[in-house]
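Notes follow the structure.
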Protein chains: 2
Amino acid sequence: MSKSKVDGLPVLDADAAVPCCPPLTAGELSPEDAERMAVMFKALSDPVRLRLFSKVASHAGGEACVCDISDVGVSQPTVSHHLKKLKDAGLLTSERRGTWVYYQVAPSVVAAMAAMLDLRT
Amino acid sequence: MSKSKVDGLPVLDADAAVPCCPPLTAGELSPEDAERMAVMFKALSDPVRLRLFSKVASHAGGEACVCDISDVGVSQPTVSHHLKKLKDAGLLTSERRGTWVYYQVAPSVVAAMAAMLDLRT
């Protein structure tokens, strides 16, 4: 079953969220690409989500257990909620191993955002 | 009068919004830097704002008159509202010349966002 049909909600699959966009200076974004990229920027538009994302990105080995990154001053359910939003936007992937879920940054998606904002090219 | 006091709203001044942050892989964002960067990502979290921003960024001469970029399928007041949000977040600057207001990308702010998302370093 396609992830996009889970609960009837629009969910970006990490693999589907391939880099789409040239640098902003190269030309106008299409409405479709703008919709897609806005979802990713929205995922980083909350300070707690941004901190959680930076904790995963900077963690040793490129991945972090939820047990490693929960000290952001909000409850565990709120941490889980924010991690789900980052996953749904395609910015994080996750894998359950034993008791814990481990999160990894989706490098191609983050690289697409960085490339779009690169004004040097 | 300080821009931050206009209407009592917190407004980032483009000059004050200097690059703050190392790449995400280099270490955790501080709560203060996360608050600051989240404002910028939030400005790009709307598809219409993202299209307006890309129109300014890709326009000849690096700036665009509001008259050049209004064809995004929303009303003129809505365009003005979105451009103000981009300005308030420090991503655009503007200058009135004669009848029209011209918008420019704030390159140091956009470069700071791109640098933060650069996972290669």
Side-chain angles (χ1 to χ4, degrees), chain A residues 21-62 64 68-69 71-74 85 89 91 104-121, chain B residues 21-62 64 68-69 71-74 85 89 91 104-121:
Chain A
C21 302
L24 284 169
T25 45
E28 290 179 23
L29 276 179
S30 70
E32 295 74 24
D33 284 347
E35 290 277 352
R36 186 176 188 181
M37 297 306 289
V39 170
M40 301 179 195
F41 285 112
K42 193 173 179 68
L44 296 183
S45 71
D46 178 275
V48 173
R49 277 206 294 281
L50 203 46
R51 286 175 66 199
L52 287 169
F53 187 70
S54 85
K55 279 172 178 278
V56 174
S58 63
H59 205 264
D68 295 322
I69 58 172
D71 56 333
V72 287
V74 298
K85 289 221 166 189
L91 293 171
Q104 303 87 26
V105 167
S108 64
V109 176
V110 181
M113 296 173 76
M116 206 185 84
L117 294 173
D118 189 346
L119 304 178
R120 293 168 300 179
T121 45
Chain B
C21 302
L24 284 169
T25 45
E28 289 179 24
L29 277 178
S30 70
E32 296 73 25
D33 284 349
E35 291 277 352
R36 187 177 187 181
M37 296 307 288
V39 170
M40 299 178 198
F41 285 112
K42 193 173 177 67
L44 297 184
S45 71
D46 178 276
V48 172
R49 278 206 293 282
L50 203 46
R51 286 176 66 199
L52 287 168
F53 187 70
S54 85
K55 279 173 178 278
V56 174
S58 63
H59 206 263
D68 294 322
I69 58 172
D71 55 335
V72 287
V74 297
K85 289 224 166 186
L91 293 172
Q104 302 87 26
V105 167
S108 64
V109 176
V110 181
M113 297 173 75
M116 207 184 83
L117 295 173
D118 190 345
L119 304 177
R120 293 168 300 179
T121 45

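Quick note on labels: first sequence line is chain A, next is B, and so on, each numbered from 1.
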Residues that Arg49(A) engages under side-chain hydrogen bond (donor to acceptor under 3.5 Å, both in side chains), provided they are two or more places apart: His82(A)
Option in Met113(B), His59(B), Met116(B), Arg51(B) with maximal non-hydrogen atom pairs under 4.5 Å from chain A: Arg51(B)
Minimum heavy-atom distance between Ser58(A) and Ala26(B), given as atom pair plus value: CB-C, 4.4 Å
Ala38(A) versus Pro47(B), closest heavy-atom pair with distance: CB-N, 3.6 Å
Options Ala114(B), Ser54(B), Gly62(B), ranked by heavy-atom pairs under 4.5 Å with chain A, top entry: Ser54(B)
Distance-minimising heavy-atom pair for Leu117(B) and Val110(A): O-CG1, 3.4 Å
Residues forming a side chain to side chain contact (heavy atoms under 4.5 Å, CB included) with Ala43(B), sequence neighbours excluded: Leu86(B), Ala89(B), Leu91(B)
Residue selection (most heavy-atom pairs with chain B, distance under 4.5 Å) from Lys42(A), Glu28(A), Met37(A), Glu35(A): Glu28(A)
Residue part contacting chain A, namely of Val105(B), when any heavy atom lies under 4.5 Å: side chain
NZ on Lys55(A) to CG on Leu29(B), rounded to 0.5 Å: 10.5 Å
Inter-residue atom distance Met40(A).CE - Leu50(B).CG, 0.5 Å rounding: 10.5 Å
Which atom of Leu24(B) lies closest to which atom of Phe53(A), heavy atoms considered: CD1-CE2, 3.3 Å
